[in-house]
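In this chain, residues are counted from 1 in sequence order. Worth knowing before you read on, the calculation uses all heavy atoms, side chains too, and leaves out hydrogens, waters and symmetry mates.
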Amino acid sequence: MLKKIANSESSKKYIIALWVLVAILSAFSLFYPISLKVKAAELLGDKAISMASSISSTLSQLNGKDLTNIRSNPTANSDSYKKINKVLENLSKELNCNKIFSVYKGVGGKYYYLLDSQNTVTGTEIDQIYLSHKNVLDKISDGKIVSQSPSSTVNTPSGKAIIAWHNLTNDKGEIVGVLGVECCVKNPSFNKLGFVKLNLWALFSISSLILAIFAAITAIKIAKHSHNKKITKADFAQMPTLSQLENEILQKNKDDAKNQESTEPTDENSAPQA
């Protein structure tokens with residue numbers, strides 16, 4: 001079957017066209033999800049950092065003294081804690097966030113929860129998933145930077161999410177902690193940003209890549225059969241022998257001589273008229 005395809009010029013053209021088409025689709029399916037993911041991360045990150053900035057500013061202006069009280073005595077039983085934490089719970093629901101929380105640097109450079117919309121007990125050491133952001137938390141806590149947009153996703157109990165960080169200050173402008181806004185990428189509010197579609201694109205990309213590899217291998221095999229065709233015994237049997245070639249040459253010479261004689265003029269026809 002492959003030999004027939006190799007000897008068919010139209011089949012070769014179709015195979016080459018197919019390979020080029022699949023290669024283009026494969027390249028597109030690989031690069032498009034990457035660009036889509038980058039764009040989605042930027043949009044979602046901008047939204048998260050905007051929310052973190054607004055929440056931090058609001059808490060500092062309206063509840064600055066309460067933040068000072070909570071920081072000096074981190075306990076869930078205080079009126080200040082209950083009041084602010086209730087605000088965070090409501091904001092988390094309204095903004096469709098996983099949670100809104102704040103942490104502070106304690107003894108030995110470890111970080112502990114100060115506030116949490118999911119009601120994690122204040123003074124509890126932060127979860128392991130946030131320790132990868134310790135460098136950012138240190139810079140914000142030390143006043144070196146004000147905020148940090150998310151650069152990648154993290155795996156949380158609710159699924160993949162991004163976290164925006166912003167400093168949290170009291171009414172005197174003193175840093176009392178770091179505010180975190182965690183947004184799940186599968187939340188219906190963020191689906192339009194493209195994260196959920198990436199799984200389908202990844203499947204399409206892999207399928208296209210497999211087709212491209214198959215088409216390339218087929219094209220290479222066809223090229224080898226086309227340019228390096230082996231001569232079989234049947235091919236030799238069909239080739240004329242030396243004596244047959246000599247007879248064909250002699251016969252051709254005779255035929256040429258006869259044709260030449262028939263075209264030459266006779267003496268009568270060539271004699272001049274009186």
Legend entry - S92 side chain vs C97 backbone, donor-acceptor pair below 3.5 Å: yes
Inset, instruction - May I ask you to decide whether K144 forms a salt bridge with D138, counting only side-chain N to carboxylate O separations under 4.0 Å? - result: no
Legend entry - Student check: side-chain heavy atoms of L131 and Q128 closer than 4.5 Å: yes
Legend entry - Test item: L115 and V103 side chains (from C-beta on) under 4.5 Å apart, heavy atoms: no
Inset, instruction - For the residue pair D79 and D66, establish whether any side-chain heavy-atom pair is separated by less than 4.5 Å. - result: no
Inset, instruction - Could you walk me through whether T156 and C184 pass side-chain contact (heavy atoms from CB on, under 4.5 Å), step by step? - result: CA-CA 9 Å; T156 70; C184 181; 5.9 Å; no
Inset, instruction - Assert yes or no for the condition that the ring centre distance of W165 to F101 is strictly below 6.0 Å. - result: yes
Legend entry - Main-chain N/O of D46 paired to S50 side chain as donor or acceptor, under 3.5 Å: no
Legend entry - ILVMFWY network linking L62 to V87, side-chain heavy atoms under 4.5 angstrom: no
Inset, instruction - With the side chain counted from C-beta on, respond yes when L59 and L168 share a heavy-atom pair under 4.5 Å apart, and no when they do not. - result: yes
Legend entry - Closest contact, heavy atoms only, M51 versus C183: CE-SG, 3.6 Å
Legend entry - Y112: ring pair (Phe, Tyr, Trp, His ring centres under 6.0 Å) partners, not counting sequence neighbours: Y104
Inset, instruction - Working to the nearest 0.5 Å, report the span between CD1 of I126 and OG of S102. - result: 11.5 Å
Inset, instruction - Report the C-alpha distance between K110 and K105 in whole Å, list the side-chain angles of each, state the deciding distance to 0.1 Å, and finish with yes or no for side-chain contact (heavy atoms from CB on, under 4.5 Å). - result: CA-CA 6 Å; K110 292 184 178 181; K105 184 188 288 188; over 6 Å; no
Inset, instruction - Output the distance between atom CD1 (I163) and atom CD1 (I129), rounded to the nearest 0.5 Å. - result: 6.0 Å
Legend entry - T169 side chain to E174 backbone, donor-acceptor under 3.5 Å: no
Legend entry - Distance-only side-chain donor-acceptor flag, E182 / Y130, under 3.5 Å: yes
Legend entry - Verdict with supporting geometry, N69 and Y81, side-chain hydrogen bond (donor to acceptor under 3.5 Å, both in side chains): CA-CA 9 Å; N69 296 333; Y81 176 86; over 6 Å; no
Inset, instruction - Please answer whether the main-chain N or O of D116 pairs with a side-chain N or O of N85 as donor and acceptor at a distance below 3.5 Å. - result: yes
Legend entry - Side-chain donor/acceptor of S53 to backbone N/O of I49, under 3.5 Å: no
Legend entry - Donor-acceptor pair, side chain of N90 and main chain of K86, under 3.5 angstrom: yes
Inset, instruction - Specify the closest pair of heavy atoms between Q148 and I140, including all atoms of both residues, with the distance to one decimal. - result: N-CD1, 4.4 Å
Legend entry - Nearest-0.5 Å distance that lies between atom NZ in K83 and atom CD1 in I70: 9.0 Å
Inset, instruction - Using side-chain hydrogen bond (donor to acceptor under 3.5 Å, both in side chains) as the criterion, list what pairs up with T122, not counting sequence neighbours. - result: none
Inset, instruction - Examine distances only and state if a side-chain atom of N170 and a backbone atom of K172 form a donor-acceptor pair shorter than 3.5 Å. - result: yes
Legend entry - Closest contact, heavy atoms only, Y111 versus K134: CE1-CG, 4.1 Å
Inset, instruction - State, with a plain yes or no, whether a side-chain heavy atom of I162 is found less than 4.5 Å away from one of V154. - result: no
Legend entry - Side chain proximity check, I55 to L91, heavy atoms < 4.5 angstrom: yes
Legend entry - Cluster link V136 to V146, ILVMFWY, side chain under 4.5 Å: no
Inset, instruction - Please answer: with hydrophobic residues joined when any side-chain heavy atoms are less than 4.5 Å apart, are L179 and I175 in the same cluster? - result: no
Legend entry - Any donor-acceptor N/O pair, S56 side chain to A52 backbone, under 3.5 Å: no
